[in-house]
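Below is one structure; the comments refer to it alone.
Sequence lines set the chain letters: A, B, ... in the order given, protein chains first and strands last, and positions in each chain run from 1.
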Amino acid sequence: MTSAIDPRYELPRDWPTTEAEATAVQERLRGSVRAEGGAVPAPGGGAGAVVGVDVAYDDERGVVAAAAVALDARTLAVVGEATAVGRVTFPYVPGLLAFREIPAVLDALGALDRRGHRPDVVVCDGYGLAHPRRFGLASHLGVLTGLPTIGVAKNPFTFRHAPPGPRRGDWAPLLDGDEEVGRALRTRDGVKPVFVSVGHRVTLDEACAYTLHLARDYRQPETTRRADALCRRALADAV
DNA sequence: GCGACAG
DNA sequence: ATCTTGTCGC
């Protein structure tokens, strides 16, 4: 049993408009994050769809485009794609990225669902529990949809870490003070690591194993690369 | 008060 | 995120 209930792709009615409201939402929902494992099929093993999401912006025109790309979890072949275009509704504020990205992401995931694709896990471009209030984009998306999610970021944000070993698979704890909030994970020999954290319904070990599997050919997970390319295309076509 | 700060 | 050319390298 992977998912007990159907995922939900509707934006909550109380979606915030101000920074103060947004922070309050994070404080209210953070307790709903589950960091237990077993909900996600083994990365290289059984069948399953891993979905990558990403967002691109044209702030001049106030346009946002999101993409959701489904890959075969074993072969990493693209099995489905969907996009959504909308208006920018929230500025970029460190710690509040979710409120800028999630509305368009939910639309893209909803469109992907209508094309018959049910994610077993969603990979986000950003953080999950590695967040000032332990409720980054990946965790927020997981709690809203009910889906297992993983956060993979390209920068260490405000966190600290020792340099991981030089080889693919080497990692070092990502620390907020003494607390391990994620990992700096080397996905390619001698290349800058990525920063992995739990989103929802996965363990940190599972999140790292999935990231390593998805980053088979490049530094970033194949999910993120495909979604990034697709949302840029969607934005260009929309403008 | 100042700087840093996922995308 | 986005602004942006060529360029070095596999």
> In B/S/- notation, 5' to 3', how is nucleotides 2-7 of chain B contacted by protein heavy atoms closer than 4.0 Å?
Replying inline: ---BBB

> What string of B, S and - do you get for nucleotides 3-10 of chain C 5' to 3' if you count protein non-hydrogen atoms under 4.0 Å?
Replying inline: --------

> Is there a donor-acceptor contact under 3.5 Å from the side chain of A:Asp120 to the main chain of A:Val40?
Replying inline: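 No; zero donor-acceptor contacts below 3.5 Å.
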
> Just by modelled atom types, is the A:Arg216 backbone N or O under 3.5 Å from a matching donor or acceptor in the A:Arg188 side chain?
Replying inline: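 Yes, A:Arg188 side chain to A:Arg216 backbone: donor-acceptor pair under 3.5 Å.
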
Cationic N near anionic O, under 4.0 Å, [X] to [Y]:
X	Y	result
A:Arg226	A:Asp54	no
A:Asp59	A:Arg100	yes
A:Glu180	A:Arg183	yes

> Given side chains that start at C-beta, do those of A:Tyr210 and A:Pro221 come closer than 4.5 Å, heavy atoms only?
Replying inline: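 With C-beta onward as the side chain, the pair stays apart.
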
> Looking only at heavy atoms, what is the nearest atom pair of A:Arg74 and A:Asp72, with distance?
Replying inline: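 Where A:Arg74 meets A:Asp72 most closely, the heavy atoms are N-OD1, 2.7 Å.
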
> To the nearest Å, how far apart are A:Asp228 CG and C:dA1 P?
Replying inline: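 It is 6 Å, rounded to the nearest whole Å.
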
>> Enumerate the side-chain hydrogen bond (donor to acceptor under 3.5 Å, both in side chains) contacts for residues 101-112 of chain A, please, sequence neighbours excluded, ordered by first and then second residue.
In response: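 Every side-chain hydrogen bond (donor to acceptor under 3.5 Å, both in side chains) pair that includes a residue of residues 101-112 of chain A, provided the two are not neighbours, is A:Tyr57-A:Glu101.
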
